[in-house]
Amino acid sequence: MGAERPLVIFHLARADGSSVFLHPMDDTQQMIELLERRHVEGGYGNEPALSALHEFRDELYACLDAAVARWALERSFIPRFVSAAATFVVGYFLFSLLLRAVVPVVIHLAAAVLVAVGAYQYLARRTLAAESTANKREQLREHLDRIVFSEHGFVFRLEERLHRYEAREPEAIVDEILARRGELVHDHEYELAEQFAELLQNRFNTAGYRRRARKLVRMATEATGDGGPLGRELSRRELAALKQWAARQAVDMPLFGLLVAVRAELRQFNRSPA
């Protein structure tokens, strides 16, 4: 079995000079596993500004802190829960024994619950401040600091297409998607393009966007003239409806168009579902 492909962080430079970073490490559930088990590298078309890279590094550090905190608390959940439960039982027994004739039982219960919650939170704070947690954080920060960005022709072509979309109205972006194909993804780049599409899809992950993306991919890849007059008439109606939808959207249509364009070319390779 071959080595697992590297995990790529994509940087797109927009026409206005702003940066878009696409990566899966904002998911605290999988960030640690990705850093420990995958080789991570960065790819760009036009070289990003140092300030953008520094801001992105700080964003990754914040994601890492959240991921390590989640990891530490999940590992210590059972001991903390058992300790809090034992604290509740002991607290309730002591309150019942010492204050039995002074306050009602419901007060005993409430006081025992408060003591148990306090114990649970105290143990959580100790877990987050533990040396093992700090070591884990530092180890993973070293993984982040080793990520290197390099120029890649595929990302450069993505940026060129994105800039072209940014100069057009939403309806014209739809026409552009249907008119152009075979220019973005070279044959040896299909795995990289799949990874890019998966990451960008996370920005348009509602049912409505997925449905319209599939429709645009199908229309962009279907053979000209197939389906007869009825099929062509249906395609014209679908195209008009899609243009109306695009004109009404507050979403980032240039990025959405880039996603559809990449997926359409992947479908031509028969390696990616529409």
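Nothing here was measured: the structure is a model prediction, and the numbers come from that model. Throughout, numbering of the chain's residues begins at 1 and tracks the sequence. Side chains included, hydrogens not; waters and symmetry mates left out as well; all remaining heavy atoms used.
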Consider only side-chain N and O atoms of Arg80 and Ser76, and report whether a donor and an acceptor are under 3.5 Å apart. yes
With distance as the sole criterion, is a donor-acceptor pair present between the side chains of Asp252 and Tyr165 under 3.5 Å? no
With side chain to side chain contact (heavy atoms under 4.5 Å, CB included) as the test, pick out the partner of Pro254 among Glu176, Arg161, Arg14, His163. Arg14
Looking only at non-hydrogen atoms, find the nearest pair between [X] and [Y] and report the distance.
X: Glu171; Y: Ala247; answer: OE2-CB, 3.5 Å
X: Leu266; Y: Ala193; answer: CD2-CB, 3.7 Å
X: Met253; Y: Pro170; answer: CG-CB, 4.1 Å
X: Ala67; Y: Ile32; answer: O-CD1, 3.6 Å

Nearest 0.5 Å, what's the [atom1]-[atom2] distance between [X] and [Y]?
X: Leu216; Y: Leu259; atom1: CG; atom2: CG; result: 10.0 Å
X: Asp145; Y: Glu138; atom1: CG; atom2: CD; result: 9.0 Å
X: Arg214; Y: Arg212; atom1: CZ; atom2: CZ; result: 11.0 Å
X: Leu162; Y: Leu12; atom1: CG; atom2: CG; result: 6.0 Å
X: Ile147; Y: Glu41; atom1: CD1; atom2: CD; result: 10.0 Å
X: Cys63; Y: Met25; atom1: SG; atom2: CE; result: 8.5 Å

Do side-chain atoms of Thr133 reach the backbone of Thr127 as a donor and acceptor pair under 3.5 angstrom? yes
Please check: side-chain N/O of Glu74 versus main-chain N/O of Trp71, any donor-acceptor pairing under 3.5 Å? no
Would you kindly confirm whether [X] and [Y] end up in one hydrophobic cluster when ILVMFWY residues are joined by side chain heavy atoms under 4.5 Å apart?
X: Phe56; Y: Val8; answer: no
X: Tyr44; Y: Leu22; answer: no
X: Leu184; Y: Tyr190; answer: yes
X: Val89; Y: Val113; answer: yes
X: Phe149; Y: Leu34; answer: yes

Check this for me: does any side-chain nitrogen of one of Lys136 and Glu36 sit under 4.0 Å from a carboxylate oxygen of the other? yes
Does the distance from a Lys or Arg side-chain N to an Asp or Glu carboxylate O, for Glu160 and Arg164, drop under 4.0 Å? no
How about CD on Glu131, more than 12 heavy atoms from neighbouring residues, nucleotides or ligands closer than 6.0 Å, or not? no
Is it the case that more than 12 heavy atoms not belonging to Arg126 sit under 6.0 Å from its CZ atom? no
Is any side-chain heavy atom of [X] less than 4.5 Å from a side-chain heavy atom of [Y]?
X: Phe156; Y: Asn46; result: yes
X: Gln195; Y: Leu200; result: no
X: Leu64; Y: Thr28; result: no
X: Phe77; Y: Tyr120; result: yes
X: Val90; Y: Phe93; result: no
X: Arg267; Y: Arg218; result: yes
X: Arg263; Y: Gln201; result: yes
X: Glu151; Y: Glu47; result: no

Take the angle between the ring planes of His152 and Phe154 and call it parallel below 30°, perpendicular above 60°, tilted in between. perpendicular
For residues Phe10 and Phe21, establish whether the separation of their ring centroids is below 6.0 Å. no
Phe256 and Trp245: ring pair (Phe, Tyr, Trp, His ring centres under 6.0 Å), yes or no, with the steps? CA-CA 13 Å; Phe256 181 73; Trp245 170 82; 5.5 Å; yes
Given side chain to side chain contact (heavy atoms under 4.5 Å, CB included), test Leu7 with Leu35 step by step and report yes or no. CA-CA 9 Å; Leu7 175 67; Leu35 286 174; over 6 Å; no
Verdict with supporting geometry, Arg137 and Glu142, salt bridge (Lys or Arg N to Asp or Glu O under 4.0 Å): CA-CA 9 Å; Arg137 184 183 301 108; Glu142 291 177 4; over 6 Å; no
Test side chain to side chain contact (heavy atoms under 4.5 Å, CB included) applied to Met219 and Leu242, step by step: CA-CA 11 Å; Met219 295 176 70; Leu242 283 168; 3.6 Å; yes
Start with the C-alpha distance between Leu140 and Leu144, add both sets of side-chain angles, then the distance that settles side chain to side chain contact (heavy atoms under 4.5 Å, CB included), and finish with yes or no. CA-CA 6 Å; Leu140 292 171; Leu144 287 179; 6.0 Å; no
Assess whether salt bridge (Lys or Arg N to Asp or Glu O under 4.0 Å) is satisfied between Lys243 and Glu169, documenting all intermediate values. CA-CA 10 Å; Lys243 286 185 176 182; Glu169 296 297 323; over 6 Å; no
Between Asp175 and Arg168, does a side chain to side chain contact (heavy atoms under 4.5 Å, CB included) hold up when you go through it step by step? CA-CA 10 Å; Asp175 288 329; Arg168 285 164 168 71; over 6 Å; no
Can the positive tip of Arg210 be found less than 6.0 Å from the middle of the six-membered ring of Phe204, inside 45° of the ring normal? no
